[in-house]
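These notes concern the structure reproduced below.
All values derive from a computational prediction rather than experimental measurement. Numbering of ligands and ligand atoms starts at 1, following listing order.
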Amino acid sequence: MISATKAFAPAKINLTLHVTGQRDDGYHLLDSLVMFADRVGDRICVNPSDEISLTVSGPMAQCVPLDQRNLCWKAVELFGTTAAVHLEKHLPSEAGIGGGSSDAAAVLRALSSMTGRVVGFDTSLLGADVPVCCHANSARMSGIGEVIEPVAVPSLPVILINPRVSVPTPRVFQALDNKANAPMPEIPHFENAWGFVRWLSEQRNDLEPPAMAVQPVIAEVLSALAGCNADLVRMSGSGATCFGIFLDRDLHEVAAKELRAAHPEWWIQDTHLI
Ligand code: C5P
């Protein structure tokens with residue numbers, strides 16, 4: 001009997017996100033350094049079935065579509081099979097941390113392992129963030145998201161905060177004034193996390209100002225993280241999730257406690273980017 005196949009869908013964090021141009025079809029050219037969260041993510045379970053089905057549970061299950069609109073469903077269709085997918089949803093949606101894309105990538109990993117077949121289609125058909133989520137390791141992402149270059153960088157202790165407001169990505173891109181910004185320089189070899197953070201502090205997320213215009217609470221999240229003495233604070237993707245890097249282990253722990261106490265209404269995770 002073939003048993004259930006499980007896969008983890010980690011949160012994707014854009015440590016940098018430089019918007020360097022726009023294609024004729026409206027999609028933006030990006031240059032982004034992406035890492036994935038350790039243990040913060042959704043869980044996928046796939047079972048063989050002669051039709052496609054999707055069920056969802058978990059703390060963030062509310063409002064998740066259970067039909068073809070869900071990227072998990074589309075991933076099964078494009079893989080060219082049928083399966084019963086269960087999604088345990090822990091990540092907020094429309095949050096700039098690739099929840100739906102990471103779910104789709106995890107479904108593809110599970111289907112691959114269940115069937116012994118490789119993914120035989122361009123995964124960017126599922127969305128610009130899906131190729132990097134299939135890679136699921138630190139990478140420099142460019143093009144509109146389809147060009148993936150693995151990078152070796154030190155792991156980072158972070159606190160992730162989403163103020164529980166959803167931010168539609170197209171609205172943020174529309175609100176971006178300058179679409180032709182400088183790309184990242186070459187990513188050097190870092191001796192340690194301090195050097196990495198120093199380099200990151202010279203980079204940007206070009207979507208931060210337009211996302212703040214759409215959801216002003218983002219500024220409050222960034223200032224709460226900075227107020228806890230984070231070494232670097234920035235927004236991920238098109239928001240609203242922000243991250244604070246805390247290289248000091250004690251400070252990391254204390255900040256997570258303080259932020260949870262001060263903002264019980266926010267989604268707050270302390271983890272490592274790996
Ligand atoms: O590809 P995905 O469905 O994730 O993109 C959602 C929306 O974000 C697109 O419809 C587009 O408006 C915007 N987008 C963009 N350039 C990218 C990625 C996304 O303009 N590279």
*Is Arg249 atom CZ crowded by more than 12 heavy atoms from other residues, nucleotides or ligands, each under 6.0 Å away?*
no
*Can you tell me if CZ on Arg171 sees more than 12 non-hydrogen neighbours from other groups inside 6.0 Å?*
no
*asked:* Would the distance check show the side chain of Ser102 and the main-chain N or O of Cys133 forming a donor-acceptor pair, the cut-off being under 3.5 Å?
replied: no
*Show the protein residues that qualify under the rule heavy atom under 4.0 Å from an atom of ligand 1, listing them in chain and number order.*
Gly26, Tyr27, His28, Leu30, Gly127, Ala128, Ile144, Thr169, Pro170, Phe173
*Taking the six-membered ring for Trp and the full ring for Phe, Tyr or His, determine whether the centres of His28 and His18 are under 6.0 Å apart.*
no
*With the threshold set at 4.0 Å, does a side-chain nitrogen-carboxylate oxygen contact exist between Arg198 and Asp231?*
no
*Could you tell me how the ring of His252 sits relative to the ring of His272: parallel (under 30°), tilted (30 to 60°) or perpendicular (over 60°)?*
perpendicular
